[in-house]
Chemist: 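Sharing a structure, written as structure tokens. Questions coming.
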Amino acid sequence: LKWSFPSYGSFDPTISTSLMPYGDLKPTASAVELSVGQTWSDPAIGQVVGATSPYVALVGSGFLPASVQNQANRAGKAGGTTFYMLQVSDGAVLGSKDVGNDNKSENVDNCATAGDCSKIKNALQSDPLAAGPQGSRFISDAYIGDLDGRIWRFDLVLGSGDVPGFSGAPVKLYDDTLSQPIFNSMAEIDVGTTLRYLFVGTGSDLLSSVGVSQQYKLLGLLDQGNSGSVTFTRLLTKVDGLGEDEKVTAFPAVAGDVVFFTTTTFRPAA
């Protein structure tokens with residue numbers, strides 16, 4: 001093991017609860033360490049803008065149960081909604097951005113237990129997508145969806161001394177009117193040198209059907225710089241725990257001018 005984030009030195013194995021049985025962060029951990037949740041993200045890795053950039057890892061914070069976040073050792077720091085740029089060689093935090101939340105169910109640990117999975121404590125749970133200029137292997141943009149149903153773009157720059165970082169605030173490209181969560185990563189394709197299309201599905205086959213009663217959707221989105229525009233929406237069979245509940249199974253794939261989505265239809269017991 002070369003490094004960890006948060007640092008092992010910031011970890012206390014004696015802080016044990018039912019949700020964190022193997023320990024948690026010390027109160028003395030840094031603020032950026034305390035913002036880390038239980039991440040499931042596979043990081044996106046690359047060099048920012050050009051070959052002089054060190055390799056970086058881009059990763060979302062991951063869901064953090066409210067009862068864990070509210071423990072005294074967490075010092076009141078919100079967890080789960082931060083996006084990080086880490087230096088691959090040593091784990092140094094080169095930048096972090098918090099996307100906040102919609103203030104709905106932010107004190108709920110488990111939506112299924114609460115009986116309403118139409119609202120979820122926000123987190124950056126999905127795998128980020130990194131992209132750059134067409135034909136280039138370098139990255140200049142990162143995209144990720146959150147559990148409040150928003151899609152964000154983070155602009156990446158190479159600063160003084162060839163130190164990578166974020167440029168400005170996160171850009172919100174999409175905000176779902178029903179706050180449908182985005183668990184899966186996106187696919188993208190560039191058309192020419194100016195048009196970038198993103199594809200993603202809301203909901204997940206891992207998400208409970210309890211208290212949902214809505215149709216998840218497949219989306220096509222055009223990144224227009226300061227905003228995004230929806231190019232298509234395909235509604236899935238309504239999830240209500242009664243009939244055939246259709247949910248997104250995996251992230252989409254693009255081949256030529258065709259985008260492929262995978263869904264699964266569940267038949268809950270009556």
Side-chain angles (χ1 to χ4, degrees), residues 3-8 10-12 15 17-26 29-45 56-71 73-88 91-102 104-114 117 119-130 142-154 166 170 179-186 200-208 248 250-251:
W3 56 264
S4 68
F5 172 69
S7 167
Y8 274 123
S10 299
F11 184 76
D12 185 347
I15 302 175
T17 66
S18 60
L19 289 175
M20 302 290 282
Y22 304 109
D24 197 5
L25 294 176
K26 299 175 181 178
S30 68
V32 70
E33 288 178 313
L34 290 168
S35 69
V36 176
Q38 300 169 349
T39 180
W40 290 0
S41 281
D42 288 334
I45 297 175
V56 302
L58 301 164
V59 64
S61 181
F63 187 83
L64 186 67
S67 59
V68 175
Q69 178 178 295
N70 295 333
Q71 291 176 169
N73 62 294
R74 287 275 173 167
K77 178 67 177 178
T81 56
T82 302
F83 192 68
Y84 311 97
M85 180 189 292
L86 308 177
Q87 188 161 266
V88 166
V93 181
L94 300 174
S96 63
K97 294 290 183 179
D98 189 348
V99 302
N101 60 71
D102 62 4
K104 298 176 182 178
S105 296
E106 301 305 322
N107 288 312
V108 174
D109 282 350
N110 186 320
C111 67
T113 301
C117 282
K119 298 180 288 293
I120 303 176
K121 182 181 184 293
N122 196 29
L124 295 175
Q125 187 77 4
S126 64
D127 302 336
L129 181 152
Y143 300 87
I144 196 169
D146 68 22
L147 300 190
D148 282 348
R150 301 174 297 183
I151 293 175
W152 302 92
R153 189 190 72 234
F154 301 84
F166 293 113
S179 299
Q180 292 184 348
I182 298 172
F183 282 88
N184 292 295
S185 59
M186 286 167 273
V200 71
T202 62
S204 169
D205 62 332
L206 299 177
L207 187 64
S208 171
V248 172
F251 58 87

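Side chains are part of it too, since the values below use all heavy atoms of this structure and drop only hydrogens, waters and symmetry mates.
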Chemist: Does CZ belonging to F11 count more than 12 external heavy atoms closer than 6.0 Å?
Modeler: yes
Chemist: Look at the side chain of S61 and the backbone N and O of L124, then say whether any donor-acceptor pair between them is shorter than 3.5 Å.
Modeler: no
Chemist: Using every non-hydrogen atom in the two residues, find where V248 and G203 come nearest and quote the distance to one decimal.
Modeler: CB-O, 4.2 Å
Chemist: Nearest 0.5 Å, please: how far is CZ in R150 from CD1 in I182?
Modeler: 10.0 Å
Chemist: If you take all heavy atoms of P43 and V59, which pair is closest and at what distance?
Modeler: CB-CB, 4.2 Å
Chemist: Can you list the steps and then say if W152 with D146 is a side-chain contact (heavy atoms from CB on, under 4.5 Å)?
Modeler: CA-CA 8 Å; W152 302 92; D146 68 22; 2.9 Å; yes
Chemist: Taking salt bridge (Lys or Arg N to Asp or Glu O under 4.0 Å) as the definition, give me every residue that meets it alongside K97, ordered by chain and number, with sequence neighbours left out.
Modeler: none
Chemist: Quick one: does V108's side chain get under 4.5 Å of K119's, heavy atoms only?
Modeler: no
Chemist: Locate the shortest heavy-atom distance separating S96 from T82; write the atom from each residue and the value.
Modeler: CB-CG2, 3.8 Å
Chemist: Decide yes or no for D148 and E106: does some side-chain heavy atom of the first lie under 4.5 Å from some side-chain heavy atom of the second?
Modeler: yes
Chemist: Which atom names give the shortest non-hydrogen contact between L34 and K26, and what distance separates them?
Modeler: CD2-O, 4.0 Å
Chemist: Using modelled atom types only, decide if a donor and an acceptor are shared between the side chain of N184 and the backbone of V200 within a distance under 3.5 Å.
Modeler: no
Chemist: Does any part of the side chain of P128, heavy atoms only, come nearer than 4.5 Å to the side chain of F83, both counted from C-beta?
Modeler: yes
Chemist: Kindly say whether G60 contributes a backbone atom to a donor-acceptor pair with the side chain of T39 at under 3.5 angstrom?
Modeler: yes
Chemist: Looking at V88, is its backbone amide N or carbonyl O close enough to the side chain of W3 to form a donor-acceptor pair, meaning the two atoms are under 3.5 Å apart?
Modeler: yes
Chemist: Quick one: list whatever passes salt bridge (Lys or Arg N to Asp or Glu O under 4.0 Å) with D24, sequence neighbours left out.
Modeler: R74
Chemist: What are the two closest non-hydrogen atoms of S185 and S126, and how far apart are they?
Modeler: N-CB, 4.1 Å
Chemist: Mind listing the closest non-hydrogen atom pair of C117 and S208 along with its distance?
Modeler: SG-CB, 3.9 Å
Chemist: Between N73 and L25 (side chain of the first, backbone of the second, donor and acceptor by atom type, cut-off under 3.5 Å), is there such a pair?
Modeler: yes
Chemist: Between D98 and S35, is a side-chain contact (heavy atoms from CB on, under 4.5 Å) present by the stated rule, with each step listed?
Modeler: CA-CA 9 Å; D98 189 348; S35 69; over 6 Å; no
Chemist: Show your working on side-chain contact (heavy atoms from CB on, under 4.5 Å) between I144 and L129 and close with a plain yes or no.
Modeler: CA-CA 6 Å; I144 196 169; L129 181 152; over 6 Å; no
Chemist: Should P65 and M20 count as side-chain neighbours, where that means a heavy-atom distance under 4.5 Å?
Modeler: no
Chemist: Do I120 and F63 make a side-chain contact, defined as non-hydrogen atoms from C-beta onward lying under 4.5 Å apart?
Modeler: yes
Chemist: Can you find a heavy atom in the side chain of C111 that is under 4.5 Å from one in the side chain of L207?
Modeler: yes
Chemist: Can you say whether the rings of Y84 and F5 are parallel (under 30°), tilted (30 to 60°) or perpendicular (over 60°)?
Modeler: perpendicular
Chemist: Between the main-chain N or O of G79 and the side-chain N or O of Q69, is there a donor-acceptor pair closer than 3.5 Å?
Modeler: yes
Chemist: Would you say Q125's side chain and L147's backbone share a donor-acceptor pair under 3.5 angstrom?
Modeler: no
Chemist: When you compare the side chains of S67 and D109, does any donor N or O come within less than 3.5 Å of an acceptor on the partner?
Modeler: yes
